Amino acid sequence: MFSLENSSAEQLVDIGCQWVILGHSERRHVIGEDDEFIGKKAAYALSQNLKVMACIGELLEEREAGKTFDVCFKQMKAFADNITDWTNVVIAYEPVWAIGTGKVASPEQAQEVHAAVRDWLKTNVSADVASTVRIIYGGSVNAANCAELAKKEDIDGFLVGGASLKGPDFATICNSVTSKKVTA
Ligand SMILES: O=C(CO)COP(=O)(O)O
């Protein structure tokens, strides 16, 4: 994964790439991309037939200030303002404080946000999108914690960084979600 790289959608399509990760915390907080810009990138990527992994997630200080939902809903709105067809979109909830830190969100913390995001989609997009879109969790997922996270109703899969470099661990993580409602 090259989350800090700059590549055009056309270049990615040209080399056979099918998915792009947009709104990753490094692009938001290191490069400085704002919600509106990320939303526009999502629309453009979809128009080029790339599938979009749309990342959202709060900083530690935002969680501690009780702003997790506000932040995630604002990030979701920027995506929703730009996306008309959610078929090729997966939402990734990645609390920034959990990415690459070893501090995984508890299954309850992750489920709470996933359920809230699904509810937000129901109110602001449609019941159909809310029930079919996959919402995956990212942030220090590993072979030891994936099973408990995967049991949660609204956690449909994982965005894995460090643990994806360890083959057997990555296989364990992949297999932890095989019984879920993943459709594609
Ligand atoms: O978003 C992620 C990588 O960019 C998640 O990384 P980790 O699984 O290493 O926390």
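Counting starts at 1 for both ligands and their atoms, following the listed order. Please read these numbers as outputs of a predicted model, since none were measured by experiment.
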Pair K67 + E61: basic N to acidic O under 4.0 Å: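 A salt bridge is absent here (no side-chain N lies under 4.0 Å from a carboxylate O).
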
Contact check, A98 vs ligand 1, heavy-atom distance below 4.0 Å: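 It does; at least one heavy atom falls under 4.0 Å.
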
Sub-4.0 Å heavy-atom approach of E26 to ligand 1: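 Outside the 4.0 Å threshold, so no.
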
Geometric N/O contact S140 with ligand 1, under 3.5 angstrom: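 Yes.
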
Heteroatom distance test (G100, ligand 1): nitrogen or oxygen, under 3.5 angstrom: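 Among all N and O atoms of G100, at least one is under 3.5 Å from an N or O of ligand 1.
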
Closer than 4.0 Å to some heavy atom of [X] - which atoms of ligand 1 meet that?
X: G139; result: 10 (O)
X: G162; result: 7 (P), 8 (O), 9 (O)
X: I99; result: 1 (O), 2 (C), 5 (C), 6 (O), 10 (O)
X: E94; result: 1 (O), 2 (C), 5 (C)

Donor + acceptor pair across side chains of D85, T87 (<3.5 Å):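 A donor-acceptor contact under 3.5 Å links the two side chains.
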
Donor-acceptor contact present, side-chain Y137 to main-chain G139, <3.5 Å: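 Yes, the answer is positive, given that a donor and an acceptor are paired below the 3.5 Å cut-off.
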
Side-chain donor or acceptor of T172 paired with backbone N/O of P168 under 3.5 Å: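 Confirmed, T172 side chain pairs with P168 backbone.
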
Co-members of W97 in a cluster of I, L, V, M, F, W and Y side chains, linked at under 4.5 Å: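 Noted: W97 shares its cluster with L60.
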
All side chain to side chain donor-acceptor pair (under 3.5 Å) counterparts of E64, not counting sequence neighbours: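 Scan of E64 (side chain to side chain donor-acceptor pair (under 3.5 Å), adjacent residues dropped) gives none.
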
